[in-house]
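Remarks on the structure that follows.
This is a predicted model, so every value here is computed, not measured. The sequence lines fix the lettering, A, B, ..., with proteins before strands; numbering per chain opens at 1.
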2 protein chains.
Amino acid sequence: MPSPEPLKSGPITLRIVAEAAGVSISTASRALNGQAREYRISKATEEAVQRVAAELGFQPSQVARSLRLKRSGLVGVIVPDISNPFFSAIAREVSLGVEAAGYSVLLGDSREETTIEKRLVAQLQARQVEALLVCPVGLESQHLVQLDQSGLPVVVADRVFEDIQLSSVTSDNVAAGRIATQVLIDHGHRHFGVVSGVRESLPTRHRLQGIRQAMLANGLELDASSIAGDSYTNETGYQSTRELLGRHPEITALFAMCAPLAAGVLRALSDLGYAIPMQMSVVSIDDHPFAELMKTPLTAAAQNIEQLGRVAAEVLLERLKQKRAKDKTLSTGPGRGPVCHQVPASLLERASVAAPRPTSEF
Amino acid sequence: MPSPEPLKSGPITLRIVAEAAGVSISTASRALNGQAREYRISKATEEAVQRVAAELGFQPSQVARSLRLKRSGLVGVIVPDISNPFFSAIAREVSLGVEAAGYSVLLGDSREETTIEKRLVAQLQARQVEALLVCPVGLESQHLVQLDQSGLPVVVADRVFEDIQLSSVTSDNVAAGRIATQVLIDHGHRHFGVVSGVRESLPTRHRLQGIRQAMLANGLELDASSIAGDSYTNETGYQSTRELLGRHPEITALFAMCAPLAAGVLRALSDLGYAIPMQMSVVSIDDHPFAELMKTPLTAAAQNIEQLGRVAAEVLLERLKQKRAKDKTLSTGPGRGPVCHQVPASLLERASVAAPRPTSEF
DNA sequence: AGACTCCGCACAAACGTTTGTGCACGTGGA
DNA sequence: TCCACGTGCACAAACGTTTGTGCGGAGTCT
């Protein structure tokens, strides 16, 4: 009779496998990690171990591996709001991308608050994530830069920073602003209202810049009083619309800087009794799956979110590769410096833009 | 001169802190974990350690803790598609809920495939998650049940199973089907087309059951040929609509079983030139942020997704608490058996339902 | 027959924590 | 003076891996 099965019953560890196979722990480890050849484990032993492991359903403890290997196989993903389709789309692409490379993703939701973002960063760092993808709330970057310089690869997406010392991926926001504005101009609009997101954030600034470029090229100018709003929410879209229309009755077109804002704009226009596009044209940045089913299908400069997510995943994996290489060679070179990717935006012309209504003189 | 700072430069470990404070590792650990009193560490030492730790920015390695404590502080969340607003809303609530309790969430996206779901489950298990929230693809439950019985708390949400041996949280799908159908009946409809999700899935079956209940109560019956579709996608919604309308010209109302299906239905009706609700009424299960901005604001029986997510988080935390208690007492009792929560659905009457068009005899 | 080599594997240290136990010192009473 | 006891801390084991090194035996060569 063999040993009477001590009934340890806990999870199957390498030691259990080794004993069952009648070899030492180290041999078992090497047999299972494909290191049989280099450590001269006989074919017979190797296969025996593998068989036993399979029979017992051995699952190596990633925790123990992480401790020993000093790599957790985890990447952190921090977004301001995972229930926002924009971020969940990014999360999805990143998740698929890094999972294919054997990593798992630790998710953090910062609820649009820098404080929480910082807390999450620290938390994920303590959990030894090997890299971090952050869609920052957008106002502070110092904590991220520090982290990156301390050796934990950080890549930021979407709400990147001005003084960019971090690898980043973002849409070509200047172009997005430009092409969306151009549509309005091409239809003959001269007086725009801009419903803006957080003012200091770089995407907002870039989009404004694009808007101004297009206007300038057509001899127009955007004055500050035609801009309203300072956040990315539906409610801001609603309020800002009423504000702008009250202030500037000559406005014939509204520019919404993101999908939730656009929803608010539409809601306000509906409440105010405007017909779109007959009495008011609307363009938006950001597409939305339901955009074409709406009362008036919305013309928009769409960010290519999937592509953005995929690129983010690539950059992340690239940085991870670099890091592993560096950790091996002990070279402490500064790396190749941050890379900044921009993915193109594209125009989706639908039905929310038309020639301006005849002015009251007519 | 003190020791010339060996320039270990790696991450700050407990040992570094202990040396800097001039105490042993164990003392440092206890000082930092609030165990000073019970292990008779003097107030002075305790504070010294805490000060040094703060100065050095000590962050205990969660990996090492996990190994030693045998709890990772991680919960796994597996959804079929994180970019689907329904699941991302759930993920968000769960994330917020468990984070508040000190856990982090490991995210997995099964892409609607049982194979991937299984792989993810194994992966997360290897990473020692302490509990798992799964929104199952919906066809197989055995791997989850096994896991749960092997001691890893599993709770399933949304696409639960028939032979439910797992704690679950789901909408009251029977009621959702019933109330949405009742609206149609109240408006005078007699001939419905049902655009269905995955047939064998329990939510679908429950919703159908609700539909039938409402019809039966009004002397109507639903025959199999008035049901089309077998997945939750936009495309299925589109195809099924054309199919149903071709097969049953007498249909005056369509019932879409979820938001993406509804989008497909609307798209098809638009292509076919139907005016809603004049020529065709539409109800849906699932609300959508843009629903009221659509061409015809959609009447729907809304699941309360946030509530569902919050309840899921609660159940998860409850099971975690039970587990910790059990691990302590070594009692190996079966626990209180699975609990099944249902959150109510509520009707959102908007504009997509009207009295049926006069029949052609008129 | 002895030295050398290669093969096949086991030993043990290390990763960074937590925690049961033990040791030294000091103080009090008898 | 001696014992008992409380105080304040250090030692060391353990969690489950990976991996550098050591060691015995079989074979080969001289």
- Which of these passes side chain to side chain donor-acceptor pair (under 3.5 Å) with B/Lys118: B/His143, B/Gln142, B/Glu140? B/Glu140
Side-chain donor-acceptor contacts of residues 67-79 of chain A below 3.5 Å, not counting sequence neighbours, with atom names and distances?
{"from": "A/Ser72", "atom 1": "OG", "to": "A/Leu74", "atom 2": "N", "distance (Å)": "3.2"}
{"from": "A/Ser72", "atom 1": "OG", "to": "A/Gln128", "atom 2": "O", "distance (Å)": "2.6"}

- Query: B/Gln35: what forms a side-chain contact (heavy atoms from CB on, under 4.5 Å) with it, not counting sequence neighbours?
  - Reply: B/Arg30, B/Asn33, B/Glu38, B/Tyr39
- Please work out which residues in residues 41-55 of chain B have a non-hydrogen atom less than 4.0 Å from an atom of DNA chain C and list them by number. none
- Message: I need the minimum non-hydrogen distance between A/Val63 and B/Arg127, along with the two atoms involved.
- Response: CG2-O, 4.3 Å
- Mark up nucleotides 17-24 of chain D, 5' to 3', with B wherever a protein heavy atom is under 4.0 angstrom from a base atom, S wherever such an atom reaches only the sugar-phosphate, and - elsewhere. BBBBBB--
- Task: Give B/Val23 one of three labels, base, sugar-phosphate or nothing, depending on what nucleic acid heavy atoms sit under 4.0 Å from its own.
- Result: sugar-phosphate
- Looking at CG of B/Asp109 and CZ of B/Phe87, how far apart are the two atoms once the value is rounded to the nearest 0.5 Å? 9.5 Å
- Message: Within the 4.5 Å heavy-atom criterion, are B/Leu14 and B/Leu32 side-chain neighbours or not?
- Response: yes
- Task: Specify the angle, to 10°, made by the local axes at the two ends of the helix from C/dA1-D/dT30 to C/dA30-D/dT1 when five pairs are taken at each end.
- Result: 70°
- Message: Please tell me if A/Lys70 has a side-chain N or O lying less than 4.0 Å from either OP1 or OP2 of C/dA14.
- Response: no
- Message: I need the single residue from A/Val160, A/Val156, A/Val339 that forms a side-chain contact (heavy atoms from CB on, under 4.5 Å) with A/Leu166. Which is it?
- Response: A/Val156
- Item | Nearest-angstrom distance from the residue atom CD of A/Glu38 to P of C/dC9 | 15 Å
- Message: Counting C-beta onward and ignoring hydrogens, is there a side-chain heavy-atom pair between A/Tyr103 and A/Leu317 closer than 4.5 Å?
- Response: yes
- Side chain to side chain, A/Arg159 and A/Pro80, heavy atoms closer than 4.5 Å: yes
- Could you pull out all residues at least two apart from A/Ser66 that satisfy side-chain hydrogen bond (donor to acceptor under 3.5 Å, both in side chains)? none
